[in-house]
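Below you'll find the structure, written out as structure tokens, and then a few comments.
Start at 1 and go down the list; that is how both ligands and their atoms are numbered. In what follows, residues are counted from 1 in the order of the sequence shown.
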Amino acid sequence: MATTNIHKSEEVRKELERLDSESRTADQLMKGITVLLNQQMLKYNWVGFYMLEAGTEPAVLVLNCYEGAMTPHVRIPLNEGICGAAASTGETVVVDDVNSDPRYLACSLETKSEIVAPIFVRGDVVGELDIDSHFLAAFGADDRELVEHCARLVGKRLEKE
Ligand code: SME
């Protein structure tokens with residue numbers, strides 16, 4: 001299992017509070033979250049948001065802001081990838097070894113594990129926070145809490161817009 005630096009998570013949570021109160025829009029908040037998590041959480045090597053495109057049938061996730069290497073997966077249908085799985089089930093998906101998960105859409109050869117947490121607005125999935133790590137099983141219970149917390153902050157902010 002992953003070892004997580006709990007103190008680091010607490011520090012990052014405080015920074016998140018500050019970001020949340022200082023951001024004027026959901027987009028600003030999302031950008032701030034990608035930078036903060038990528039810089040402060042050593043194993044979070046790619047951090048990005050995918051949002052469901054309004055009015056597209058069948059539904060598709062579109063890459064929003066991100067920190068990390070460029071990805072070829074700018075648009076992901078809901079029946080594809082770890083990203084599609086999280087958005088279509090409304091459940092956080094944690095994959096300890098992406099190379100043994102047939103759903104995985106490769107972004108970088110360095111990626112070893114991934115977590116994707118859905119973002120809800122009034123009970124509906126509107127997007128997700130996706131994080132890749134260059135380390136196997138990088139995402140433990142504390143990471144899951146932190147990532148879901150970030151997704152909730154964005155959902156709450158979107159509800160006000
Ligand atoms: N690996 C994801 C695709 C997005 S990249 O990680 C940035 C997936 O399997 O859905």
Which residues satisfy the side-chain contact (heavy atoms from CB on, under 4.5 Å) test with L105, sequence neighbours excluded? H73, I76, E80

Who are the side-chain contact (heavy atoms from CB on, under 4.5 Å) partners of R103, not counting sequence neighbours? I82, A85, V93, V95, D101

Any ion pair linking R13 and E145 (charged N to carboxylate O, less than 4.0 Å)? yes

Looking at E161 and R157, is any side-chain nitrogen of the basic one under 4.0 Å from a carboxylate oxygen of the acidic one? no

Review item, side-chain donor-acceptor pairs of residues 107-126, under 3.5 Å, at least two apart:
{"residue": "S108", "atom": "OG", "partner": "E110", "partner atom": "N", "Å": "3.0"}
{"residue": "S113", "atom": "OG", "partner": "F135", "partner atom": "O", "Å": "2.5"}
{"residue": "S113", "atom": "OG", "partner": "A138", "partner atom": "N", "Å": "3.2"}
{"residue": "R122", "atom": "NH1", "partner": "E159", "partner atom": "O", "Å": "3.3"}

Reported OH-to-OG1 distance for the pair Y44 and T34, which is rounded to 0.5 angstrom: 14.0 Å

Near ligand 1, at a heavy-atom separation below 4.0 Å: residues by chain and residue number: W46, Y50, T71, I76, G81, I82, C83, Y104, L105, C107, E114, D130, D132

